[in-house]
Amino acid sequence: MRPERPRVFGPVVDAETRCIHYSTPLDVIAIRFRCCGEFYPCHLCHADTVDHPAAQWEAGAKHERAVLCGVCGYVLTIEEYAGVETCPSCATRFNPGCKLHWELYFSRRHIRRQVRAAAKARCLTVLNQRSASTRDR
Ligand SMILES: [Zn+2]
Ligand SMILES: [Zn+2]
Ligand SMILES: [Zn+2]
């Protein structure tokens, strides 16, 4: 049974929430906006559809479920989305370019901490690989 998915508003072009602005294979997320609480595929869809300015989620809202995976219908929290490159539920890759627009949707403080954590994790992986290959020799 499929979980009930939130409705996505705006000029959505397919069932995986691609829109007229962003429609590469990786563009499969929709974002719930702070201002109206509705899901839109992107900030341009929101701007085209409503007549109010978009509001961004404040830093304390990291546990809000605000990012919809258009492939499986899972809704990620802001914190979860900040830390992943793929859907935690169906493993679909998300467009890394979306995070360049991060501050259109979320507080900058969410991403800064997460990016630091991701960089640290990558460092540790490299170190582990290095010590593993030293051991092999
Ligand atoms: Zn809105
Ligand atoms: Zn759009
Ligand atoms: Zn998914």
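In each ligand, atom 1 is the first atom listed, and ligand 1 is the first ligand listed. Counting begins at 1 with the first residue of the sequence. Source: prediction; values computed, not measured. Hydrogens, waters and symmetry mates are skipped; everything else that's a heavy atom, side chains included, is used.
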To the nearest 0.5 Å, how far apart are [atom1] in [X] and [atom2] in [Y]?
X    : Y   : atom1 : atom2 : value
E64  : E79 : CD    : CD    : 12.5 Å
Y40  : C45 : OH    : SG    : 9.0 Å
E80  : H63 : CD    : NE2   : 10.5 Å
H101 : N95 : NE2   : CG    : 9.0 Å
E16  : I29 : CD    : CD1   : 13.0 Å

Quick check: does any side chain N or O of W57 sit under 3.5 Å from a backbone N or O of A66, one acting as donor and the other as acceptor?
no
Name of whichever N/O/S atom of H21 is nearest to the Zn ion (ligand 2):
ND1
To check you understand the geometry: which heavy-atom pair defines the closest contact between [X] and [Y], and what is its length?
X    : Y    : answer
R65  : F39  : O-CZ, 4.3 Å
H21  : D48  : NE2-OD2, 3.2 Å
S107 : W102 : O-NE1, 2.9 Å

Can you tell me if, anywhere in C19, an N/O/S atom lies at a distance from the Zn ion (ligand 2) that is smaller than 2.8 Å?
yes
Would you call the rings of Y105 and H43 parallel, tilted or perpendicular, where under 30° means parallel and over 60° means perpendicular?
perpendicular
In terms of ring plane angle, is the pair H46 and H52 parallel, tilted or perpendicular, where the classes change at 30° and 60°?
perpendicular
What protein N/O/S atoms are there under 2.8 Å from the Zn ion (ligand 3), waters excluded?
C69 SG, C72 SG, C87 SG, C90 SG
Keeping waters out of it, list the protein N, O or S atoms under 2.8 Å from the Zn ion (ligand 1).
C35 SG, C36 SG, H46 NE2, H52 NE2
Roughly, to 10 degrees, what angle do C42 atom SG and C45 atom SG form around the Zn ion (ligand 2)?
120°
